[in-house]
Amino acid sequence: DECSDGTHNCSQICTNTNGSFTCGCNNTNGSYTCGCNDGYYLDFDNVTCNDTDECSDETHNCSQICNNTIGSYTCGCNDGYYLDFDNVTCNDTDECSEGTHNCSQICTNTNGSFTCGCKNGYNLHTDEVTCNDIDECNNGTHNCSQICTNRNLEATRVDVMMVI
């Protein structure tokens, strides 16, 4: 039994026959052809099975990233996405609703990422996550007639009456 004792030259499937063996054979009229397990292809020698690279030959069904493995493949996702339960589909991660963003005030989800914004009276710092107060009193954008007090929201008007 060449299959059991290891004297066969099959790279994958060995089937013992009377006085011989066959490699992953499919019986044909007066002959046979060899075959391989899923994820492999039969080499030109008709005996050796080689790994099929589903990623390179684009027979995979991954929505973003394909990683070839021996006899198969796995799917992965770009940053900002997660792999769905079907193990092939990538879905957007909503960093804003999950609280994984680093925005100091307003978070807006985008495909694969997020952007930060600020409330009225603030502007976005160059780090694109921190909001800085706009001092309307110092920059002259207030509409106060006398005293301007910056309150980290917007300039507010304070009317002062003088009694003599």
Side-chain angles (χ1 to χ4, degrees), residues 3-4 6 8-16 21-28 32-143 149-156:
C3 295
S4 298
H8 64 84
N9 61 352
C10 299
S11 67
Q12 286 190 354
I13 303 169
C14 178
T15 305
N16 192 49
F21 64 94
T22 58
C23 300
C25 292
N26 301 312
N27 218 7
T28 62
Y32 66 90
T33 58
C34 294
C36 300
N37 294 327
D38 287 344
Y40 294 85
Y41 67 91
L42 192 61
D43 203 351
F44 65 92
D45 64 5
N46 291 326
V47 174
T48 306
C49 292
N50 295 315
D51 174 54
T52 299
D53 186 345
E54 298 85 357
C55 301
S56 293
D57 67 16
E58 298 185 13
T59 57
H60 67 87
N61 58 350
C62 300
S63 67
Q64 288 185 358
I65 299 171
C66 179
N67 300 300
N68 190 55
T69 62
I70 301 301
S72 190
Y73 64 93
T74 60
C75 299
C77 300
N78 297 321
D79 288 342
Y81 294 86
Y82 65 92
L83 195 60
D84 202 354
F85 296 111
D86 64 6
N87 289 323
V88 295
T89 306
C90 294
N91 296 317
D92 176 54
T93 301
D94 186 344
E95 297 85 359
C96 299
S97 67
E98 291 182 8
T100 56
H101 65 87
N102 57 349
C103 301
S104 66
Q105 289 185 0
I106 299 169
C107 179
T108 303
N109 190 54
T110 62
N111 280 332
S113 190
F114 62 92
T115 58
C116 298
C118 301
K119 298 174 184 174
N120 286 338
Y122 293 84
N123 61 17
L124 195 60
H125 188 270
T126 55
D127 66 8
E128 297 187 1
V129 295
T130 306
C131 293
N132 296 323
D133 175 53
I134 298 170
D135 189 343
E136 296 84 0
C137 297
N138 285 335
N139 72 12
T141 58
H142 64 87
N143 62 356
T149 304
N150 189 50
R151 295 190 181 189
N152 291 343
L153 293 173
E154 56 187 52
T156 57

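Because only heavy atoms are used, hydrogens play no part in the values below, and waters and symmetry mates are left out as well, while side chains stay in.
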Open item on the list: Please tell me whether Asn61 and Tyr73 have a donor and an acceptor in their side chains that are separated by less than 3.5 angstrom.
Closed with: yes
TODO: Locate the shortest heavy-atom distance separating Asn68 from Thr52; write the atom from each residue and the value.
DONE: OD1-O, 3.3 Å
- [ ] Drop me the distance from Ile134's CD1 to Lys119's NZ, to the nearest 0.5 angstrom.
- [x] 14.0 Å
Task: Smallest separation among heavy atoms of Asp133 and Gly121, with atom names - done: OD1-O, 3.4 Å
- [ ] Working to the nearest 0.5 Å, report the span between SG of Cys77 and CD1 of Ile65.
- [x] 7.0 Å
Task: Minimum heavy-atom distance between Thr74 and Thr69, given as atom pair plus value - done: CG2-CG2, 4.2 Å
- [ ] Find the distance between OH (Tyr122) and OG1 (Thr130) and round it off to the nearest 0.5 Å.
- [x] 12.5 Å
- [ ] Give the minimum heavy-atom separation between Cys55 and His60, together with the two atoms involved.
- [x] CA-CD2, 3.7 Å
Task: Tyr81 and Asn111, any side-chain heavy atoms less than 4.5 Å apart - done: yes
Task: Separation of Asn91 CG from Ser63 OG (nearest 0.5 Å) - done: 7.5 Å
Open item on the list: Are Cys75 and Leu83 packed together at the side-chain level, in the sense that at least one heavy-atom pair is separated by less than 4.5 angstrom?
Closed with: yes
Task: Reported CG-to-SG distance for the pair Asp53 and Cys66, which is rounded to 0.5 angstrom - done: 7.0 Å
Task: Shortest non-hydrogen contact between Thr115 and Cys103, atoms and distance - done: O-SG, 4.0 Å
- [ ] Check whether any side-chain heavy atom of Asn102 lies under 4.5 Å from a side-chain heavy atom of Phe114, and answer yes or no.
- [x] yes
Open item on the list: Quick check for you: to the nearest 0.5 Å, what is the distance between Asn87 atom CG and Phe85 atom CZ?
Closed with: 10.0 Å
Open item on the list: State whether cysteine residues Cys116 and Cys131 meet the disulfide criterion of an SG-SG distance below 2.5 Å.
Closed with: no
Task: Crowding at CD, Glu98 (>12 non-hydrogen neighbours, <6.0 Å) - done: yes
Task: Backbone of Cys49 reached by a side-chain donor or acceptor of Asp43 within 3.5 Å - done: no
